[in-house]
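To keep things clear, I will list the structure first and then write my remarks on it.
Side chains included, hydrogens not; waters and symmetry mates left out as well; all remaining heavy atoms used. Chain A is the first sequence line, chain B the second, and so forth, proteins listed ahead of strands; every chain is numbered from 1.
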Amino acid sequence: MPSHFISSVYVFVLAGFIGFEVIKHVSRLLHTPLMALTNALDAVVVVAAIIIAGRAQTPLSTILGLVAVAASFSNMVGGFLITDRMLRMFKLSRQKKP
Amino acid sequence: MPSHFISSVYVFVLAGFIGFEVIKHVSRLLHTPLMALTNALDAVVVVAAIIIAGRAQTPLSTILGLVAVAASFSNMVGGFLITDRMLRMFKLSRQKKP
Amino acid sequence: MSLLTVRYLIDFAYLLAIVLFILALRWLSSPATARRGVLAGEIGAAVAVLATLANPQIVAYKWILVALLIGAIVGMPLGLVPMTAVPQRTALSHAFGALSAALIGISEYYVREPHITKFGMAEISLEVIIGGLSFTGSLIAAGKLQEVLPQRPITYRGQNFVSLSVLGLAVILALILILHPGDAYLFPFVVVVSLLFGVLLVTPIGGADMPTVISLLNSYVGLSAALLGFVLNNKVLIVAGALDGSSGFILSVIMCRAMNRSFTNVMFGAFGQVQSSAAAVEQGRTVRSATPEDAAAILSAASSVIVAPGYGMAVAQAQHKVRELFDILTKRGVDVKFAIHPVAGRMPGHMNVLLAEADIPYDKLLDMDAANPEFPHADVALVIGANDVTNPAARTDAGSPIYGMPILDVDKARTVMVIKRSLSPGFAGIDNPLYYLDKTLMLFGDAKTFVGDIVRELAGGSSA
Amino acid sequence: MSLLTVRYLIDFAYLLAIVLFILALRWLSSPATARRGVLAGEIGAAVAVLATLANPQIVAYKWILVALLIGAIVGMPLGLVPMTAVPQRTALSHAFGALSAALIGISEYYVREPHITKFGMAEISLEVIIGGLSFTGSLIAAGKLQEVLPQRPITYRGQNFVSLSVLGLAVILALILILHPGDAYLFPFVVVVSLLFGVLLVTPIGGADMPTVISLLNSYVGLSAALLGFVLNNKVLIVAGALDGSSGFILSVIMCRAMNRSFTNVMFGAFGQVQSSAAAVEQGRTVRSATPEDAAAILSAASSVIVAPGYGMAVAQAQHKVRELFDILTKRGVDVKFAIHPVAGRMPGHMNVLLAEADIPYDKLLDMDAANPEFPHADVALVIGANDVTNPAARTDAGSPIYGMPILDVDKARTVMVIKRSLSPGFAGIDNPLYYLDKTLMLFGDAKTFVGDIVRELAGGSSA
Ligand SMILES: NC(=O)c1ccc[n+]([C@@H]2O[C@H](COP(=O)([O-])OP(=O)(O)OC[C@H]3O[C@@H](n4cnc5c(N)ncnc54)[C@H](OP(=O)(O)O)[C@@H]3O)[C@@H](O)[C@H]2O)c1
Ligand SMILES: NC(=O)c1ccc[n+]([C@@H]2O[C@H](COP(=O)([O-])OP(=O)(O)OC[C@H]3O[C@@H](n4cnc5c(N)ncnc54)[C@H](OP(=O)(O)O)[C@@H]3O)[C@@H](O)[C@H]2O)c1
């Protein structure tokens with residue numbers, strides 16, 4: 001077991017608790033934007049893809065890494081974009097006719 | 001900076017978030033038991049005291065450690081005891097006369 | 001700056017990103033703060049990406065920038081799809097996320113191999129299996145939702161056995177690899193078999209069950225990102241993955257509860273879930289139907305109307321016509337509200353997004369618990385393309401497949417009007433006794449056309 | 001078992017303890033699950049302690065067991081104090097917690113010194129300073145609450161300056177130590193000066209402000225435990241400390257909000273907070289007073305009564321008599337409820353615990369937001385030993401020190417009856433216009449005696 005494994009487990013468990021607490025209190029109205037937003041946040045795997053591609057260790061790892069960069073970054077861009085588009089649509093009665 | 005410092009910071013920040021989320025949703029009725037319970041949980045410093053005292057490195061560290069063991073363990077015992085006593089008092093109308 | 005300092009700075013940047021991600025989700029707790037949440041998420045993502053680019057391990061910047069550019073070019077249109085295409089877009093983006101996680105795991109394997117530890121091999125295999133099955137599973141789901149693939153469940157005899165055997169094969173191959181990390185030739189098989197399992201897992205499930213499947217896949221994708229964080233010792237991946245994973249998990253639990261179906265049933269892939277064919281409509285029962293003119297007259301005489309929208313409204317894209325109806329009735333002093341069932345439509349929150357798109361203020365959207373006490377006081381319940389979520393059999397008929405599912409109490413309103421094209425059943429494939437009540441009027445037609453007709457009628461034939 | 005395996009097992013045991021601690025607090029969200037929460041906490045603590053005893057570093061078991069035994073013997077009676085002594089018990093246990101954290105920090109310093117790193121020195125100094133000041137601060141708070149020490153704020157000229165200088169001195173000494181970890185002779189001064197600062201911090205604050213101080217000290221104690229976790233690389237301490245710290249912080253924020261006092265004011269020790277002396281009672285205003293017989297007659301004629309208890313009920317230990325009153329009125333068909341202000345009494349949740357102790361069912365206890373809409377429909381509002389939390393001046397008189405503090409709307413009830421011993425003011429030291437309203441009847445006397453008299457009257461002179 002690598003030395004950082006146990007602290008990774010702690011972080012995972014604590015983040016899981018936060019996930020449950022926070023998601024439970026997301027407004028029911030916003031469950032579709034929630035799916036889009038978590039999608040965009042999860043696209044942070046782009047970080048790992050950049051490292052894999054950027055280390056340029058073998059041609060294979062570079063190519064796979066680059067595909068992963070493109071795939072996850074498209075999620076990041078698209079995810080934030082559509083979440084914001086959806087949320088802009090939610091208006092209160094009094095905001096409706098400004 | 002020791003190597004574990006950064007993962008300790010992660011754990012601290014995440015646990016702080018959990019604390020805020022969870023405590024915010026504690027029933028107002030139970031704020032006094034809450035104080036007693038967090039007291040008892042915090043008494044887990046007894047764990048550190050046991051290690052300090054048990055390593056028996058210097059007479060001073062052993063003595064200070066033992067005092068710390070007694071002080072924090074008394075909190076643990078007393079804290080759980082009084083929390084449970086308080087909570088046993090909270091009853092619903094229909095539970096009142098069994 | 002020393003290398004160590006750079007590493008610490010990167011670690012703290014990741015911590016900042018994590019905090020922003022958590023705040024982003026917290027602020028989704030209300031529509032008033034939700035856009036701030038998106039902003040927090042965006043800043044967090046930018047911080048994480050920029051910090052990574054500062055990583056001294058990175059030498060090949062040029063191609064990374066090209067790949068980022070391609071990602072942005074692909075991502076833009078996927079962020080601009082119409083609201084009705086959101087379900088398939090979500091499935092597609094899960095596929096991208098899973099693809100990326102699987103590719104990173106694969107490439108990490110080939111970089112480390114043959115000096116890989118057993119523990120590292122175990123982490124990578126698990127990561128690649130979950131990433132791989134989520135990739136193909138999400139693609140199939142997207143295909144079904146886009147109706148590129150057949151929507152009906154495709155089942156055959158012994159299917160459970162075949163699927164489970166394939167999963168078992170993947171696990172066995174992985175175990176051999178863990179014990180003998182040198183047997184590198186086995187690794188491609190692990191990948192292929194897990195891809196195959198994703199196909200076998202989702203194909204048998206009917207198109208209408210896709211939302212639950214998507215949510216579950218969401219949580220698998222999160223899990224694979226978190227596993228990647230374990231493999232690469234990257235905490236931001238672990239946290240983002242855990243958040244994504246719990247979100248998908250919670251949404252699928254909510255859906256299962258609202259459908260009164262067991263969670264384990266879905267958890268294990270809803271193997272062999274066969275759609276029960278339309279129940280025989282009992283003979284001898286009659287329905288009353290009405291014209292747009294009748295409906296318009298009833299609506300304008302009402303003082304309170306509750307609209308219960310469903311999947312049919314989404315299919316017909318009737319939301320803008322519904323907004324016109326809302327406007328014209330509100331202007332006439334009728335109190336119009338919307339009752340939103342948690343699984344109305346084909347994904348969680350589907351109706352809310354469509355109605356918000358059509359500019360209906362969100363304070364007029366009541367969730368089921370808020371709406372049900374209102375129905376007894378309503379003059380008219382107007383059901384638009386909803387079926388199962390209004391079916392009173394769920395309350396009374398213990399033999400019904402939806403027995404026990406909480407429903408919208410539309411039948412408590414003084415008059416019920418139902419817009420749909422026929423008497424044919426909805427997703428659950430069962431008859432709806434609501435249509436045979438004395439107080440019910442069926443308004444047969446396409447939702448968009450029929451609502452448009454009512455609006456024209458109310459406007460005195462002059463509008464639209 | 002290899003040492004490494006033991007270490008991993010201990011780490012996982014700590015993780016289990018952490019999970020149980022979090023669940024313990026989650027289950028406090030409702031009285032129905034709260035006792036399960038205590039059980040989870042107990043199991044978690046037991047797991048953590050047992051796992052620690054398995055630590056191979058530990059060689060001196062005998063004395064540890066003795067120390068644990070002493071701890072248990074001291075802890076038992078502290079767990080069995082009467083409910084009225086809970087505030088001072090809480091302060092005392094904070095003192096114990098802080099003492100233990102400070103001692104561990106001190107002993108760790110002497111073990112590592114002189115080979116201590118700058119970073120380690122910084123962590124330890126911060127830990128010892130916070131632990132030390134929390135220790136003496138909590139002792140002073142306990143003394144004030146137990147009335148061993150004078151309760152009134154003890155202030156003198158230049159006090160802020162002196163206190164801050166002492167804190168500054170502690171920080172400067174610590175900084176010197178961090179730069180020259182060899183100067184070990186300075187360390188005792190850091191300890192002494194931080195102990196002194198704790199005394200100076202709390203002494204000037206009035207007894208009635210102690211609950212806020214205790215909550216803040218609670219969060220400091222949590223912080224010092226978390227810092228200890230950093231020093232010793234022990235994650236269970238970090239998590240428990242962070243949970244405790246956020247709990248204390250949130251409770252003090254809630255109290256400050258409910259008193260409409262600024263948080264920073266308290267955060268920085270409420271230096272020089274001077275109690276405003278009793279405002280001159282305006283002349284020429286009259287109050288109506290009544291006897292237990294009158295009160296009994298009015299109560300038995302009422303159909304709904306809301307009781308607003310306050311600090312006076314706690315002082316008089318009147319809760320059991322109040323329960324008798326509740327029982328006898330309920331038996332006569334009167335609807336009796338309790339309205340609990342968030343800062344009624346002298347600690348958060350004080351009234352709830354006392355009333356629960358007296359066996360009043362908790363579904364009869366309404367918090368302020370639930371109670372206020374009920375007062376306009378109530379026949380009688382019976383104020384028992386509460387003052388500030390019912391003072392209508394908070395709504396209208398912009399010059400009042402409690403202006404803007406949310407209050408219980410007792411003055412909206414048809415009749416108001418107030419049990420207290422005199423017209424003298426409460427904690428905030430200000431006059432209460434409620435007493436001069438036409439609808440108000442003052443019931444002068446000790447809460448326990450007066451309620452007892454009403455009960456005897458209602459029982460026809462035959463009971464108790
Ligand atoms: N939302 C989710 O997350 C989710 C997840 C999983 C499963 N589900 C399931 O999906 C179902 C949702 O219930 P629901 O009431 O919204 O939908 P539903 O029960 O599937 O009924 C939809 C109705 O809309 C009508 N319709 C179709 N096209 C139409 C058009 N162009 N114009 C007018 N009407 C049209 C259909 O009747 P005609 O053919 O007669 O027109 C059909 O009966 C539930 O059974 C739920 O369990 C939902
Ligand atoms: N709960 C908390 O967490 C907390 C924290 C910080 C500050 N505080 C402060 O504490 C105050 C609490 O308000 P409160 O309304 O509960 O109390 P209060 O305003 O302090 O008033 C208590 C009243 O009880 C009466 N009393 C005392 N002994 C009595 C006895 N034996 N029998 C009958 N009456 C007796 C006193 O009047 P007589 O002398 O005329 O009898 C006094 O006016 C607020 O100002 C709040 O800001 C509370």
Side-chain angles (χ1 to χ4, degrees), chain A residues 1 4 8 11-12 15-16 18-20 22-23 25-32 34-35 37-39 41-42 44-45 47-57 60-61 64-78 80-84 86-87 89-93 96, chain C residues 21 25-26 28-31 34-35 38 41-42 45 48 52 57-60 63-64 67-68 70-72 74-75 78-79 90 93 96-97 99-101 103-104 107 110-111 119 222 225-226 228 230 232-233 235 238-240 242-244 246-247 250 348-349 352-353 356-357 361-363 367:
Chain A
M1 250 187 292
H4 59 76
S8 294
V11 168
F12 180 72
I18 296 180
F20 275 94
V22 170
I23 306 285
H25 296 107
V26 166
S27 162
R28 288 239 157 175
L29 283 173
L30 302 181
H31 275 171
T32 305
L34 169 66
M35 289 182 87
L37 183 64
T38 52
N39 230 232
L41 298 185
D42 195 56
V44 79
V45 283
V47 156
I50 290 176
I51 294 174
I52 297 284
R55 284 186 314 201
Q57 284 171 301
L60 178 71
S61 77
L64 295 186
L66 287 174
V67 176
V69 169
S72 46
F73 198 61
S74 80
N75 264 352
M76 193 173 263
V77 171
F80 282 124
L81 205 62
I82 199 160
T83 313
D84 202 51
M86 285 181 198
L87 292 176
M89 295 170 187
F90 284 87
K91 296 189 193 73
L92 278 173
S93 301
K96 233 192 87 195
Chain C
F21 285 179
L25 291 176
R26 281 194 56 167
L28 275 196
S29 60
S30 117
R35 288 193 65 201
V38 179
E42 287 167 347
T52 308
Q57 288 187 296
I58 292 176
V59 291
W63 287 108
I64 290 179
L68 288 175
I70 294 176
V74 176
L78 283 175
T90 308
S93 75
F96 280 15
L99 173 67
S100 147
L103 289 181
I104 296 171
S107 105
Y110 283 111
V111 167
F119 195 83
L228 208 51
F230 278 84
L232 303 171
N233 186 21
K235 305 265 191 289
I238 297 181
V239 174
L243 294 175
D244 196 31
S246 43
S247 159
I250 291 181
N352 301 305
V353 177
E357 184 197 11
Y362 64 78
D363 45 342
D367 63 22

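Heavy atoms of C:V111 lying under 4.5 Å from chain A belong exclusively to its side chain. Looking at C:S30, the atoms closer than 4.5 Å to chain A (heavy atoms on both sides) all sit in the backbone: N, CA, C or O. Interface residue C:F21: backbone and side-chain heavy atoms are both found under 4.5 Å from chain A. The parts of A:L29 that come within reach of chain C are both its backbone and its side chain, each placing non-hydrogen atoms under 4.5 angstrom from that chain. For C:L232, the part lying under 4.5 angstrom from a heavy atom of chain A is the side chain only. A:I52 touches chain C through its side chain: at least one heavy atom from C-beta onward sits under 4.5 Å away, while N, CA, C and O do not. Residue contact with chain A, scored on non-hydrogen atoms closer than 4.5 Å, involves the backbone and the side chain of C:N233 alike. Proximity to chain A (any heavy atom under 4.5 Å) is restricted, for C:I250, to the side chain, taken from C-beta onward. Heavy-atom distances place the side chain of C:L228, and not its backbone, under 4.5 Å from chain A.
Counting heavy-atom pairs closer than 4.5 Å to chain A, the top residue among C:G79, C:A101, C:G75 is C:G79. Contact tally against chain C (heavy-atom pairs below 4.5 Å) for A:V11, A:N39, A:I18: the top residue is A:N39. For chain C, the option among A:A53, A:G65, A:A56, A:S72 with the highest count of heavy-atom pairs below 4.5 Å is A:S72. When each of C:V74, C:L78, C:I238 is scored by its heavy-atom pairs under 4.5 Å with chain A, the top score falls to C:I238. By number of non-hydrogen pairs under 4.5 angstrom with chain A, the leading residue of C:L99, C:L103, C:L68, C:T90 is C:L68. When each of C:A48, C:G222, C:A356 is scored by its heavy-atom pairs under 4.5 Å with chain A, the top score falls to C:A356. When each of A:V77, A:V22, A:N75, A:T83 is checked for heavy-atom pairs under 4.5 Å with chain C, A:N75 comes out on top. Between chain C and the options A:H31, A:M86, A:M76, the largest number of non-hydrogen pairs under 4.5 Å is found for A:H31. In terms of non-hydrogen atom pairs under 4.5 Å with chain A, the most contact-rich of C:A60, C:G349, C:S93 is C:S93.
Closest non-hydrogen pair, C:A240 versus A:V44, comes out as CB-CG1, 3.5 Å. In plain terms, the two heavy atoms of C:P348 and A:T32 that are nearest each other are O-OG1, 2.6 Å. C:D363 approaches A:K91 most closely through the heavy-atom pair OD1-O, 4.4 Å.
Within the model, atoms CG of A:D42 and CZ of C:F96 stand 14.5 Å from one another, a figure rounded to the nearest 0.5 Å. With rounding to the nearest 0.5 Å, the separation of CD in C:E42 from CG in A:L41 is 10.0 Å. Rounded to the nearest 0.5 angstrom, A:M89 CE and C:E357 CD are separated by 4.5 Å. Rounding to the nearest 0.5 Å places CG of A:L66 at 8.5 Å from CD1 of C:I70.
Proximity of A:M35 to C:S247: side-chain heavy atoms (C-beta onward) are nowhere separated by under 4.5 Å. Between A:L30 and C:N352 there is no side-chain heavy-atom pair separated by less than 4.5 Å. Between A:I23 and C:L25, some side-chain heavy-atom pair lies under the 4.5 Å cut-off. Side-chain contact between C:L243 and A:T38 is absent, with no heavy atoms from C-beta onward closer than 4.5 Å. The closest side-chain heavy-atom distance from A:V69 to C:W63 is not below 4.5 Å.
Between A:F12 and C:F230, the angle of the ring planes goes over 60°, which puts this pair in the perpendicular group of the 30/60° scheme.
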What's the verdict on side-chain contact (heavy atoms from CB on, under 4.5 Å) for C:I104 and A:I51, showing C-alpha distance, side-chain angles and the deciding distance?
CA-CA 10 Å; C:I104 296 171; A:I51 294 174; over 6 Å; no

Please test C:I58 against A:I50 for side-chain contact (heavy atoms from CB on, under 4.5 Å), starting from the C-alpha separation and ending with a verdict.
CA-CA 8 Å; C:I58 292 176; A:I50 290 176; 3.5 Å; yes

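Between the side chain of C:S100 and the main chain of A:V67, no donor-acceptor pair closer than 3.5 Å is present. Distance alone, capped at 3.5 Å, places no donor-acceptor pair between the A:S61 side chain and the C:S107 backbone.
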